[in-house]
Amino acid sequence: MRVGIFGGSFNPPHMGHINSLVTVQKKAGLDKIHVVPAAQNPLKMEVEGPSAEQRLELVKKALNTYGKQFVVDDQEIKRGGLSYTIDTVTSLRKEVDPEDLFLIIGADQFEEFSQWKDYQKILTEANLIVTTRPGWEIPQEADELPEFLKALVAEYDFNFIELKTGRNVQFIRLQDIEVSATEVRKLLRTGRPVEKVLPLAVESYIRENKLYRPIGDRVGDFAKFTTFCANVLFSKKGIQVRAFDLTGLAAPTEYAVIASGTSTRHASSLAENVVQAVKEEYNVLPQSVEGVDEGRWVLVDYGSLIVHVFYDFVRQEYSLEKLWKDGKDLNLKDPYVK
Ligand code: ATP
């Protein structure tokens, strides 16, 4: 038995996932693939959305017409807390030999693979299959391999690498499907069509259970909410905190807050502080958070409000404020300066 593992947040499962599963299963000749929704990805910030059980249900719906070779595996959700792939690999290793176990990840995950807990152990206990994903490159020659992998290579043959651990890494090219769960959540929240990117059964379940609705009801007055977020940034020594009312402009959002940090670390922590304070005060999580790992431009999306936190140096490069010059500057003052 050649067994695959395909983990993810599946928030929600989309055609990019299905495309990868179906193609990899065929191309790599896998007998079955465990599809494992994470309880919480340690490398992603928690975002607003369905419960873990609902995401599990969504994955079942997504795969129910694709055959028995795809096994929906709830072990990470059952374990709860932060989900580490090494634990899932270890549990499947009880039934499968390491040479027959294949961890499947997209090129985006491959880039950050060295941040995964015990990644070297994972590469001892299972083979790795890396798929293409629009927007990310897969290595075309040995030189382009990420540093963490270079040290482990025993033999390199273009799309196939023998590792010193006894396992291998193979790259599989997929037909490009340009979709991410983040994008799908945005489409759903703004009522735009999703039939091209979601399996029908997933779309129906989302509608029936009223998932991915705008968070406006809980936030109430967005102008007040905007001031609240700006004040959190002031309190954590954000630089040049400004807020704009963009209603009436052709902007993707109604309100925007912008601030910067003195370092990438400061920028990430400013954004994290906003997320934390909003959770405590409003019991609302962002719809998405982007860029928090790098801390150059962190974008916290609350639907009608988007909070941009920059590393100050990068802020100059983008000059977002220029785009908003026809909006209304809320002229907020630092309440902590007497
Ligand atoms: P998010 O936008 O919330 O970060 P996501 O779309 O990346 O989510 P995940 O559930 O985190 O979805 O992804 C699970 C796995 O599917 C990952 O290995 C990821 O690389 C892969 N994947 C997701 N979308 C695509 C796609 N469009 N093409 C190929 N692989 C994909």
Side-chain angles (χ1 to χ4, degrees), residues 4-30 33-38 41-45 47 49 55 58-59 62-63 66 70 76 83 85 88-89 102-116 119 122-123 126-150 156 158-161 168-188 194-199 202 287-294 296-297 299 301:
I5 305 173
F6 190 93
S9 304
F10 303 110
N11 185 19
H14 53 65
M15 293 316 288
H17 300 132
I18 306 266
N19 177 42
S20 179
L21 280 163
V22 171
T23 311
V24 169
Q25 193 257 326
K26 276 206 202 102
K27 285 200 178 175
L30 302 180
I33 301 181
H34 283 249
V35 183
V36 196
N41 178 333
L43 298 175
K44 282 189 187 175
M45 279 183 85
V47 292
R55 282 188 292 110
L58 284 168
V59 174
L63 292 172
Y66 286 90
F70 304 114
E76 292 188 358
S83 302
T85 300
T88 306
V89 168
F102 296 83
L103 176 65
I104 305 157
I105 60 173
D108 56 314
Q109 307 274 299
F110 182 56
E111 255 179 32
E112 53 182 42
F113 194 69
S114 60
Q115 294 175 47
W116 289 27
Y119 74 92
I122 296 179
L123 295 176
N127 305 291
L128 192 64
I129 294 178
V130 182
T131 73
T132 52
R133 179 170 187 181
W136 282 270
E137 298 295 326
I138 55 170
Q140 299 298 323
E141 47 187 281
D143 251 13
E144 293 177 9
L145 291 176
E147 290 306 316
F148 79 87
L149 201 66
K150 279 185 183 160
Y156 177 84
F158 190 47
N159 278 333
F160 197 85
I161 301 168
N168 57 61
V169 179
Q170 58 181 307
F171 297 96
I172 292 187
R173 191 155 284 285
L174 307 178
Q175 207 187 347
D176 278 358
I177 298 202
E178 201 158 346
V179 58
S180 70
T182 306
E183 195 52 43
V184 176
R185 292 196 294 274
K186 277 188 198 147
L187 294 176
L188 287 165
V194 285
E195 68 266 10
K196 288 210 175 85
V197 288
L198 289 187
V202 169
Q287 294 178 184
S288 70
V289 181
E290 288 161 45
V292 76
D293 297 337
E294 292 92 42
R296 290 168 53 81
W297 177 359
L299 205 145
D301 184 350

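Side-chain atoms are counted along with the backbone in the values below, which use heavy atoms only and exclude waters and symmetry mates.
The heavy-atom pair separating I138 from T131 by the smallest distance is CG2-O, 4.1 Å. Of all the heavy atoms in V202 and L58, the pair that sits closest is CG2-O, 3.7 Å. Of all the heavy atoms in K150 and D143, the pair that sits closest is NZ-O, 3.0 Å. Taking each heavy atom of P37 and R55 in turn, the nearest pair found is CB-NH1, 4.3 Å. The two residues P139 and Y156 have their closest heavy-atom pair at O-OH, 4.4 Å.
In this structure, N127 contributes its side chain and N168 its backbone to a donor-acceptor pair below 3.5 Å. Proximity of a side-chain donor or acceptor of T132 to a complementary backbone N or O of L174 within less than 3.5 Å is detected.
Within 6.0 Å of the CD atom in E137, the count of heavy atoms belonging to other residues, nucleotides or ligands does not exceed 12.
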The test is side-chain contact (heavy atoms from CB on, under 4.5 Å); show your working for K186 and D301 and say whether it passes. CA-CA 10 Å; K186 277 188 198 147; D301 184 350; 3.4 Å; yes
Take F110 and W136, measure what side-chain contact (heavy atoms from CB on, under 4.5 Å) needs, and give me the verdict at the end. CA-CA 10 Å; F110 182 56; W136 282 270; over 6 Å; no
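Residue L187 holds its CG atom at 11.0 Å from NZ of K196, rounded to the nearest 0.5 Å. To the nearest 0.5 Å, the span separating CD1 on I161 from CG on L149 amounts to 5.0 Å.
Not a single salt bridge (Lys or Arg N to Asp or Glu O under 4.0 Å) links E112 to another residue, sequence neighbours left out.
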Donor-acceptor contacts under 3.5 Å from residues 177-185 side chains, at least two apart:
residue: S180; atom: OG; partner: E183; partner atom: N; Å: 3.1
residue: T182; atom: OG1; partner: R185; partner atom: NH2; Å: 3.4
residue: R185; atom: NE; partner: Q287; partner atom: O; Å: 3.3
residue: R185; atom: NH1; partner: N11; partner atom: O; Å: 2.8

In residues 16-30, what donor-acceptor pairs under 3.5 Å come from side-chain atoms, sequence neighbours left out?
residue: H17; atom: ND1; partner: H14; partner atom: N; Å: 3.0
residue: H17; atom: NE2; partner: H14; partner atom: NE2; Å: 3.4
residue: N19; atom: ND2; partner: Q175; partner atom: O; Å: 2.8
residue: T23; atom: OG1; partner: N19; partner atom: O; Å: 2.6
residue: Q25; atom: NE2; partner: L30; partner atom: O; Å: 2.9
residue: K27; atom: NZ; partner: R173; partner atom: O; Å: 3.0

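Of the listed residues (I129, T85, V130), just one forms a side chain to side chain contact (heavy atoms under 4.5 Å, CB included) with I105, and that residue is V130.
Between F113 and Y119, the ring planes lie perpendicular to each other; the angle is over 60°, past the 30° to 60° tilted range.
When side chains are defined from C-beta on, E141 does not count as touching F158, because their heavy atoms never get closer than 4.5 Å.
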